[in-house]
Trainee: 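Here it is, the structure in full.
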Amino acid sequence: MSLLLGLAALLPASAIGQSAGEVERCFQNPAACSTGGAAPPAPGPGTGGGAPVAAARPVPPPDYTTVLQSPEPDRKRIQESLRTLDKYNGPIDGNLQSEASVKAIGDWQKGRGTAVVGKLTPLEAQQLNAEAAKAPIRRIEPSTQVAVPPPSNADALKAMRDRLAERRKAAEPKADAAAQALIRDLKAYVAADGKGVAGEQFATFAKWYADNKAAGRTMGGIAPSIDDYGDAKTGVAATAEIRFETKQGAEVYRQCLVFAWIEGTPRKSTQAFSCDDVAAVEKWKTDQALKSAWR
């Protein structure tokens, strides 16, 4: 017993309080007890042992190219998702680089508290579509306003006729005065047996009159009818359909000429046409840029 106590005195302090078996092992191998039986610490940095610690890897930049170059249906779906979330109201055309698309993506990113870039990484695109898929379907409330049906064709036609009647009523006094002035000149030409301003201004009429006179026909009644009237590029234009009654013995012939002119003293751009030559009359109106107040 005294021998064990003596040995205990010689053992390291870390061996005190150990069992007899542990004391005996420490006696036989003191190095094993120098750390209380624990394994020696592993070599660390700067100790000259062990592998060196690897340096931290740099963080790669965000990948925006994948989404921008994704198939068109995928890009259109992103626009539809943005529209579902009330961020986008532009066309669904798959253009994620348009001003409207960039702004919509930026607004969505701002709402999430992430960096406002205006472009999406693949993960953000997936999150955006998932958020839109979970968005509740908005119920469209029926309008409280009474829908007004569009005007029918009959109503539109009536309105057009009413406008025409008002325009024509305003132009009627001047148009009638222009036609009556022409009739006076035509009658004066007939009364003078082919002399006067009517023949000078309307060469076609002068030839027509000469042909009838050569055929032995005499002039009877002359009745005007306004064909068109309105402003033109060089003044006020008028066209009038004049019906002549000619006689040859017991025979009565009814003939028709259309007179066209620009109002003035004397008349300008004067022409006379057969009433059957509608195309020539309309071409004259087009050439004069006639804006009808009659039709």
Side-chain angles (χ1 to χ4, degrees), residues 38-164 167 231 233 282-283 285-287 289-292 295:
T47 61
V53 177
R57 294 182 180 178
V59 178
D63 174 19
Y64 300 117
T65 305
T66 298
V67 174
L68 290 175
Q69 297 182 354
S70 61
E72 183 175 319
D74 294 345
R75 289 180 274 121
K76 286 184 175 181
R77 184 186 175 191
I78 289 172
Q79 290 178 319
E80 290 171 352
S81 295
L82 291 167
R83 177 175 291 181
T84 299
L85 298 174
D86 289 330
K87 304 294 183 184
Y88 180 72
N89 60 0
I92 305 299
D93 55 7
N95 183 7
L96 297 182
Q97 294 178 288
S98 68
E99 183 178 351
S101 295
V102 171
K103 182 180 183 303
I105 292 171
D107 290 345
W108 177 76
Q109 290 171 327
K110 182 179 180 181
R112 301 176 75 238
T114 58
V116 178
V117 182
K119 296 181 286 187
L120 296 169
T121 65
L123 178 59
E124 285 180 317
Q126 182 181 358
Q127 292 170 341
L128 169 64
N129 290 333
E131 183 179 338
K134 295 177 182 178
I137 299 176
R138 290 172 296 172
R139 181 171 178 265
I140 301 177
E141 297 293 338
S143 175
T144 56
Q145 298 180 350
V146 178
V148 178
S152 65
N153 290 339
D155 292 339
L157 182 60
K158 182 179 181 301
M160 184 179 69
R161 286 174 175 170
D162 290 343
R163 289 194 301 271
L164 173 59
R167 198 164 62 230
D231 292 332
K233 61 184 179 182
E282 294 303 318
K283 182 179 183 304
K285 295 178 187 179
T286 301
D287 292 343
L290 171 59
K291 296 179 181 178
S292 178
R295 298 185 174 186

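Source: prediction; values computed, not measured.
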Trainee: Test of understanding: with side-chain hydrogen bond (donor to acceptor under 3.5 Å, both in side chains), list the residues that count as partners of E80, not counting sequence neighbours.
Mentor: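 Scan of E80 (side-chain hydrogen bond (donor to acceptor under 3.5 Å, both in side chains), adjacent residues dropped) gives none.
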
Trainee: Would you compute the distance between atom CG of D287 and atom CG of L290 and round it to the nearest 0.5 angstrom?
Mentor: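 CG of L290 is found 11.0 Å from CG of D287.
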
Trainee: Of all the heavy-atom pairs spanning L85 and A135, show the shortest one and how long it is.
Mentor: CD2-CB, 4.1 Å

Trainee: Any side-chain to backbone donor/acceptor pair from S101 onto S98? Under 3.5 Å, distance only.
Mentor: no

Trainee: Rounded to the nearest 0.5 Å, what separation is found between the CD atom of Q126 and the CD1 atom of I78?
Mentor: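 Atom-to-atom, Q126:CD and I78:CD1 are 11.0 Å apart.
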
Trainee: Around K285, counting heavy atoms of other residues, nucleotides and ligands shown, do more than 12 lie under 6.0 Å from its NZ?
Mentor: yes

Trainee: Should we count CD of E282 as having more than 12 external heavy atoms under 6.0 Å?
Mentor: yes

Trainee: Verify side chain to side chain contact (heavy atoms under 4.5 Å, CB included) between K76 and E72, making sure each step is shown before the conclusion.
Mentor: CA-CA 6 Å; K76 286 184 175 181; E72 183 175 319; 2.9 Å; yes

Trainee: Considering only heavy atoms from C-beta outward, does the side chain of T66 approach that of D63 to under 4.5 Å?
Mentor: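 Sidechains of D63 and T66: in contact.
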
Trainee: Taking atom CG as the centre, does N89 end up with more than 12 heavy-atom neighbours from other residues, nucleotides or ligands that are less than 6.0 angstrom away?
Mentor: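 Count not over threshold, so no.
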
Trainee: Count the heavy atoms of every other residue, nucleotide or ligand shown that sit under 6.0 Å from CZ of R77, and state whether that count exceeds 12.
Mentor: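 No, because the 6.0 Å sphere around CZ of R77 holds 12 heavy atoms or fewer from other groups.
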
Trainee: Do S81 and T84 have side-chain atoms, one donor and one acceptor, less than 3.5 Å apart?
Mentor: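 Absent: no donor and acceptor within the cut-off.
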
Trainee: Have a look at I105 and tell me which of V116, V117, L82 forms a side-chain contact (heavy atoms from CB on, under 4.5 Å) with it.
Mentor: L82

Trainee: So do the side chains of L68 and K119 get within less than 4.5 Å of each other, counting heavy atoms only?
Mentor: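 Sidechains of K119 and L68: in contact.
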
Trainee: Report the distance from atom OG of S292 to atom CG of D231, rounding to the nearest 0.5 Å.
Mentor: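 Rounded to the nearest 0.5 Å, the OG-CG separation comes out at 10.0 Å.
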
Trainee: Do R112 and Q127 come within less than 4.5 Å of each other through their side chains, counting heavy atoms only?
Mentor: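 R112 reaches Q127 side chain to side chain.
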
Trainee: Side chains of W108 and E131: do they bring a donor and an acceptor to under 3.5 Å?
Mentor: yes

Trainee: Is there a donor-acceptor pair under 3.5 Å between the side chain of R75 and the backbone N or O of I92?
Mentor: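 No, because the side chain of R75 does not come within donor-acceptor range (under 3.5 Å) of the backbone of I92.
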
Trainee: Quick one: CG on N129 to CG on D74, what's the gap to the nearest 0.5 Å?
Mentor: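 Here the interatomic distance stands at 8.5 Å.
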
Trainee: So which atom in Q79 and which in L96 form the shortest heavy-atom distance, rounded to 0.1 Å?
Mentor: CG-CD2, 3.9 Å

Trainee: Carefully, step by step, assess T121 and V67 under the rule side chain to side chain contact (heavy atoms under 4.5 Å, CB included).
Mentor: CA-CA 6 Å; T121 65; V67 174; 5.8 Å; no

Trainee: Which heavy atom in Y64 sits nearest to a heavy atom in E124, and how many Å separate them?
Mentor: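 Closest heavy-atom pair between Y64 and E124: CE2-OE1, 4.3 Å.
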
Trainee: First locate atom CG of L128, then atom CD of Q109, and finally report the distance between them rounded to the nearest 0.5 Å.
Mentor: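 Here the rounded value is 9.5 Å.
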
